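Worksheet for the structure shown next.
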Amino acid sequence: MIMSRILGTGSYAPDTVLTNQDLEKMVETSDDWIVERTGIRERRIANKDIASSDLAFEAAKKALKAAGMKASQLDLIIIATVTPDMMFPATACIVQAKLGAKKAIAFDISAACSGFIFALAAADNFIKSGLYKNALVIGAETLSKITDWTDRNTCVLFGDGAGAVVIGPSGNDCGIRSAHLHTNGKQGDLLYIPGGGSRNPATAFSIESRMHFIKMRGNETFKIAVRALEEVVNEALDANGLKASDIDMVVPHQANLRIIQATAKRLGIPMDKVVVTIDRYGNTSAASIPIAIDEAVRDGRIAPGKNVLLEAFGGGLSWASALIKW
Ligand code: ACO
């Protein structure tokens, strides 16, 4: 069977930095609380006129350059996002036009923080089936636009950014070796945005009730996340006949440093094998894994032949892992 591999990576974050000290002036919080409970020190925030497609476009250009490919060669573009530019068309269609990727079909995937792994798995299967030869997979978010800046429980957590990978057929045993995806819609109310869709379309009431912002029961989500991540990582290890010690680098979704550390500890993986970016970017939902991958590829921590494990948990609820031999 054809296996797909990552040919190039790219990422982009807006220049504007919002520090914990800035947040201390906005809500009743402290740098100490945020660092101790989340590991976040600062996050990037997009300007008013910047949308998710703008960040995705910048990340995509870098990934195409790294892959040595032209946009016109792309067959498929998938964007994972919970902050699309608009209800429709899909943000992937907007990026297809910006890139001039005329031949590519394009669509979005909504799986919150697990979105990038869901999108990567979908693109991988299109290539495995032989339908398409290559794909651009992007995680792009402007969470600052759906953050309630008066709610200290959530506003300290999120940031904006985008990461992208180009995938194509692998000529050897390197590539995406497995993906395990899970959903539990029964617990969807732990983390959601009630307003803006067909259930609660925008009205004066929905705006007054702050229904267009993220609602999260963080503590309950935390406990479920740690358990689910351990299970889904073990699924990846079992499916590939690997032990935790065979993993060279883990790229986790960056929701909370304590979740990342607890998961690594349960699996017996030392933290020097885990890519951490949450201190500088906060939780960028679907963008966090591809941003972290790009950083680790560029500084050499991820290199050919290494076993790289991706893991994520988020709204849906949804959770996932993927094992890549780089
Ligand atoms: N500053 C100061 N105090 C705060 C803040 C803040 N920013 N936020 C909450 N507190 C207070 C609370 O009010 C509470 O006070 P109380 O005890 O007087 O009621 C206290 O701190 C503890 O609150 P908890 O919610 O229990 O704090 P916790 O240690 O659980 O940390 C956090 C909260 C950081 C949200 C954590 O639960 C978490 O990271 N959860 C998981 C998030 C996650 O993984 N989400 C999925 C991915 S996101 C996605 O899919 C979009």
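When a ligand or atom number is given, it counts from 1 through the structure's own listing order. These numbers come from the heavy atoms of this one structure, side chains and all, not from hydrogens, waters or symmetry mates. Predicted model, so just to flag it, every value in this text is computed and none were measured.
Distance from atom 9 (C) of ligand 1 to its nearest protein heavy atom, with residue and atom name: N153 OD1, 3.1 Å. Of all protein heavy atoms, the one lying nearest to atom 35 (C) of ligand 1 is L157 CD1, 3.9 Å. Looking only at heavy atoms of the protein, atom 40 (N) of ligand 1 is closest to G218 O, 3.0 Å. The closest protein non-hydrogen atom to atom 45 (N) of ligand 1 is M216 SD, 3.5 Å. Protein heavy atom closest to atom 10 (N) of ligand 1, with residue, atom name and distance, is W33 CZ2, 3.4 Å.
When distances from atom 21 (O) of ligand 1 to the protein are checked, a heavy atom turns up under 4.0 Å. Atom 14 (C) of ligand 1 is not flagged as protein-proximal [any protein heavy atom, distance under 4.0 Å]. Remark: atom 18 (O) of ligand 1 lies closer than 4.0 Å to no protein heavy atom. Note that atom 37 (O) of ligand 1 has protein non-hydrogen atoms nearby, at separations under 4.0 angstrom.
Within ligand 1, counting atoms from 1 as listed, the ones closer than 4.0 Å to a heavy atom of R37 are 22 (C), 27 (O), 28 (P), 29 (O). Residue-ligand proximity, A112 to ligand 1, at heavy-atom distances under 4.0 Å covers atoms 50 (O). Heavy-atom proximity to N283, at under 4.0 Å, picks out these atoms of ligand 1: 47 (C), 48 (S). Short contacts between ligand 1 and R258, defined as distances under 4.0 Å to a heavy atom of the residue, involve ligand atoms 28 (P), 29 (O), 31 (O). Under a 4.0 Å criterion applied to the non-hydrogen atoms of N256, ligand 1 contributes the atoms 34 (C), 36 (C), 38 (C), 39 (O). The atoms of ligand 1 that sit less than 4.0 Å from any heavy atom of G314 are 47 (C), 50 (O). Of all atoms in ligand 1, listed by their number and element, those nearer than 4.0 Å to a heavy atom of T38 are 34 (C).
Note on E230 versus K265: no salt bridge recorded, every NZ/NE/NH1/NH2 to OD/OE distance being 4.0 Å or above. Contact check on D75 versus K133 returns no salt bridge, with no Lys/Arg side-chain nitrogen under 4.0 Å from an Asp/Glu carboxylate oxygen. Contact check on K98 versus D54 returns a salt bridge, with a Lys/Arg side-chain nitrogen under 4.0 Å from an Asp/Glu carboxylate oxygen. Using a 4.0 Å cut-off between a side-chain N of Lys or Arg and a carboxylate O of Asp or Glu, K325 and D173 qualify as a salt bridge. A salt bridge is defined here as a Lys NZ or Arg NE, NH1 or NH2 lying under 4.0 Å from an Asp or Glu carboxylate O, and E220 with K223 fails to meet this definition.
Distance CG/D124 to CZ/R177: 11.5 Å, rounded to 0.5 Å. With rounding to the nearest 0.5 angstrom, the CD atom of E24 is 8.0 Å from the OG1 atom of T19. If you take OG1 on T29 and CD1 on I34, they are separated by 4.0 Å, rounding to the nearest 0.5 Å. In this structure, CD1 in I138 is found 4.0 Å from CD1 in I79, a value given to the nearest 0.5 Å. From S4, atom OG reaches atom CZ of F126 across 12.5 Å, with rounding to the nearest 0.5 Å.
Checked against a 3.5 angstrom limit, the closest N/O atoms of G315 and ligand 1 fall inside it. Considering backbone and side-chain atoms alike, R152 places an N or O below 3.5 Å from some N or O of ligand 1. Taking only nitrogen or oxygen atoms, main chain and side chain alike, S285 does not reach within less than 3.5 Å of ligand 1. Considering backbone and side-chain N/O of T221, none are found under 3.5 Å from N/O of ligand 1.
Both the backbone and the side chain of C113 come within contact range of ligand 1, each with a heavy atom under 4.0 Å. With a 4.0 Å heavy-atom cut-off, ligand 1 is reached by the side chain of L191 but not by its N, CA, C or O. Of the heavy atoms in L23, none comes closer than 4.0 Å to ligand 1. With a 4.0 Å cut-off on non-hydrogen atoms, I259 touches ligand 1 through its side chain and not its backbone. At a heavy-atom distance under 4.0 Å, only side-chain atoms of V156, from C-beta outward, approach ligand 1. Residue contacts with ligand 1 for N219 involve both N, CA, C or O and side-chain atoms from C-beta outward (heavy atoms, distance under 4.0 Å). At a heavy-atom cutoff of 4.0 Å, ligand 1 is contacted by both the backbone and the side chain of T29.
Taking both residues in full, the closest heavy atoms of L257 and I278 are given as N-CD1, 3.9 Å, listed atom of the first, atom of the second, then distance. Listed here is the closest heavy atom pair of R301 and D299: NH2-OD2, 2.9 Å. Shortest non-hydrogen contact noted between R43 and R41 is NH1-O, 3.7 Å.
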* Under the side-chain contact (heavy atoms from CB on, under 4.5 Å) criterion, do I109 and T81 qualify, and how do the steps go? -> CA-CA 7 Å; I109 279 184; T81 186; over 6 Å; no
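In this structure the side chain of M216 never reaches within 4.5 angstrom of the side chain of L190, judged on heavy atoms.
Using bins of under 30°, 30° to 60° and over 60° for the plane-to-plane angle, the ring pair H182/W319 lands in the parallel bin.
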